[in-house]
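What follows is one structure encoded as structure tokens, with my remarks underneath.
These figures come from a predicted structure and were not determined experimentally. Numbers restart at 1 for each chain; the letters A, B, ... are given by sequence-line order, proteins then strands.
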Amino acid sequence: MNSVILQIAARYVRWMLLIFALVALIRGHNYPGGGFIGGLLAGLALIYDGFAFDHKRISKKRKINPVGYIGVGLLLIFISLLFGILSGDVLMKGIWISLNLPLLGQLKLGTPFIFDIGVFFVVIGITILFFLSLKRR
Amino acid sequence: MEVLIAILVGFLYAAGVYMILRRSIVKFIIGIILLSNATNLLVFLSAGLTAGSPAFLSDQVSSQQEFSDPLPQALVLTAVVIGLGIVVFTIALKYKFFEVTGADDLDQLKPTDNQK
Amino acid sequence: MNCVALPILIPLVLMIMQIFFRRKIFSQWLGISGSLLLLLSTFYLFGQVTKHGILTLNVGGWPAPYGITLVIDYLSILMLVISAVIIFCISIYAVSFLKTTGEKQRFYIAFYALILGLNGAFITGDVFNLYVWFEVMLISSFVLITLGSSREQLSGGIKYLSLNLIGSLLFLAGIGLLFGKTGTLNMAQLAEILREDDSAILLNTSAMLFFVAFGIKAAIFPLFFWLPASYHTPNITITSLFAGLLTKVGVYTMIRFFTLFFVQDQPFWHNLLLTLAGLTMFIGGSAAIAQYEIRKILSYHIISQIGYMVMGLGIFTPLGLAGGIFFTLHNMIAKTNTFLVSGMVFKLKGNYHLKNIGGLVKESPLLAVLFIIPAFALAGVPPLSGFFAKFILIKAGFEDGHYFVTAVAVFTGLLTLYSMIKIWNEAFLKKSPEDPSHEKDKIKLSLLEVLPSILLGLISLGMGIFASSVFGYTMEAANQLINPSIYIETVLYNQ
């Protein structure tokens with residue numbers, strides 16, 4: 001595809017999608033959103049170049065390796081499983097800490113969030129892998 | 001509402017089965033998508049529909065009627081994700097198959113079966 | 001520390017490591033040593049099960065009917081141990097029988113994903129979780145079956161994929177109906193509720209959905225067409241892996257579901273199971289006779305032998321179930337081994353077609369011995385494992401009065417023997433059809449290539465010689481299945 005509108009839009013829309021994806025990821029535990037939806041949005045942001053210019057731009061210029069994303073995601077998921085054991089409890093036990101930040105108020109962080117980030121990366125990887133395998137000759 | 005969605009599920013199943021029986025592989029994939037949506041709706045329906053009530057019991061919500069079961073929703077979410085992965089893989093496989101053989105017809109798959 | 005989750009965690013870690021470290025040598029040795037680790041951990045768990053009985057783990061600390069529970073009883077641990085043995089052998093075999101480095105790397109990643117799903121399906125105690133593991137297994141098997149992307153593989157892959165997709169959709173629909181009826185997904189709680197429920201009509205709908213779904217996975221009679229159409233297309237390593245493990249998961253889940261909670265309306269289900277078992281055995285065995293391609297003969301025999309396992313379930317006495325489980329264990333080992341040997345035949349002769357090969361007994365006597373062991377084990381020649389498996393099943397069938405199915409089982413044994421002798425005559429005894437004048441430089445099999453087959457052959461032999469102790473374990477498993485009260489107690493109340 002060779003559309004000027006799309007190519008110029010790509011510069012801005014990519015970042016907007018990425019930020020939106022991060023917001024969806026972070027609010028995911030208690031509100032609509034989460035790793036899967038955030039991952040799809042972020043994956044879309046990363047393959048935007050592929051739609052606007054050429055799929056080679058994704059793998060060559062930006063040096064994105066989809067299998068690597070999946071690996072990082074799985075690693076994060078695995079790490080989040082281990083916290084339960086390390087704290088002397090059973091596998092996958094969720095552990096929560098709450099921080100009191102000066103401006104934002106109370107922030108709750110827990111191991112399910114790490115799991116969510118893992119899902120986020122796996123979904124990005126799968127989205128890119130799918131796109132590349134359809135585009136590649 | 002349950003009856004309406006049950007009828008919708010029935011329609012989706014019928015349409016999905018019809019599409020699966022077609023010879024074109026693309027139509028087969030569309031059939032799979034329809035069937036998987038029908039199945040997801042069926043699972044979603046399995047706990048009944050309770051609109052606008054929370055998924056937990058509290059002081060305000062105490063009776064079983066006002067309580068909406070969160071489990072089928074979690075199941076459907078998982079099933080949707082799995083369905084996405086499978087449809088993605090099927091489409092990629094179909095694309096590769098089309099590249100290698102140039103065929104979109106299930107009848108042209110015959111050779112692997114009766115090869116001597 | 002509770003080690004129940006080890007069979008899931010080890011493949012997960014190995015898969016992640018395979019993704020990150022993709023150097024050729026490293027991925028091979030990581031593959032082999034990882035499988036060895038898995039094997040050792042299943043041995044450890046086996047010791048734990050024999051010592052403490054059923055092991056459970058409530059994942060995430062949520063108590064039993066609410067969270068996902070992992071359960072290891074005798075049936076699970078027997079399947080885990082035997083499949084870990086096969087996994088170990090396949091991981092060695094893959095080193096020398098997969099061609100390119102890239103293929104090997106992708107193979108090992110998908111291989112461990114497959115094992116993750118497989119072990120998960122064996123140890124989970126939750127119906128929906130079982131569905132998730134099935135899908136993990138399914139997606140990685142799709143990747144494996146189309147690994148080479150040749151025309152034939154893609155055609156076979158599409159057939160494999162389409163029927164298995166329909167199977168998993170039916171599975172999910174069955175889960176939906178079951179949840180709507182009972183409001184729980186924990187297998188132990190389902191058993192508790194459904195065993196006191198006598199509204200069989202409603203349950204039969206979802207039971208039938210599950211039956212068809214598992215029937216597609218296990219390739220029983222009217223649903224087996226995907227198997228012979230696709231199993232001979234991928235690389236022989238992948239075919240042996242699938243032949244040994246995949247269909248047996250379907251059988252495992254069928255045994256689990258139809259002993260634990262679908263126990264209403266027993267005469268109908270047992271008649272159905274026995275009828276289909278007889279048809280599966282006979283049709284698989286007789287279809288194999290017409291084939292002249294080694295892998296196709298063996299593929300049809302997978303179907304035929306699934307019939308025996310289902311027959312064990314259909315008889316539904318402790319002896320019958322024990323026979324079915326014994327047969328499953330024996331068949332996983334022997335079936336994988338025959339496929340491994342056929343891969344070596346291909347390596348020596350460059351052909352799978354029986355008419356184009358021959359004279360192997362002179363060329364490689366070792367290979368002949370390696371073939372004889374699993375082939376005769378499959379046919380049921382004493383003192384190999386298959387004889388005892390079939391003997392127990394036939395005895396159970398006669399004791400319970402199922403004469404017709406038992407007769408079919410005996411007759412199918414003869415068909416199997418016929419097919420195995422056909423391969424033996426054509427591939428090994430017959431003179432080689434190649435022109436002896438242009439003598440090719442002979443290919444020798446290295447130790448690494450024959451080692452997996454030797455291991456599996458020894459296990460087949462050992463399962464025959466020590467049949468009484470193996471039978472003791474399967475009998476233990478069958479008793480646990482017939483009286484699930486211990487299972488329910490342990491999972492729900494004995495945290």
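Enclosure of atom CZ in A:F83 is not indicated, since only 12 or fewer non-hydrogen atoms of other residues, nucleotides or ligands lie within 6.0 angstrom. In A:F113, the CZ atom is crowded: over 12 heavy atoms of neighbouring residues, nucleotides or ligands sit closer than 6.0 Å. Annotation: A:I5, atom CD1; neighbour count of heavy atoms from other residues, nucleotides and ligands within 6.0 Å does not exceed 12.
Residue B:L77: no heavy atom, backbone or side chain, is found under 4.5 Å from chain A.
Residue pairs meeting the side chain to side chain donor-acceptor pair (under 3.5 Å) criterion with at least one partner in residues 111-131 of chain A, sequence neighbours excluded, are absent.
Rounded to the nearest 0.5 Å, atoms CD1 (A:I126) and CZ (B:F89) are 11.5 Å apart. With rounding to the nearest 0.5 angstrom, the NZ atom of B:K94 is 11.5 Å from the CG atom of A:L134.
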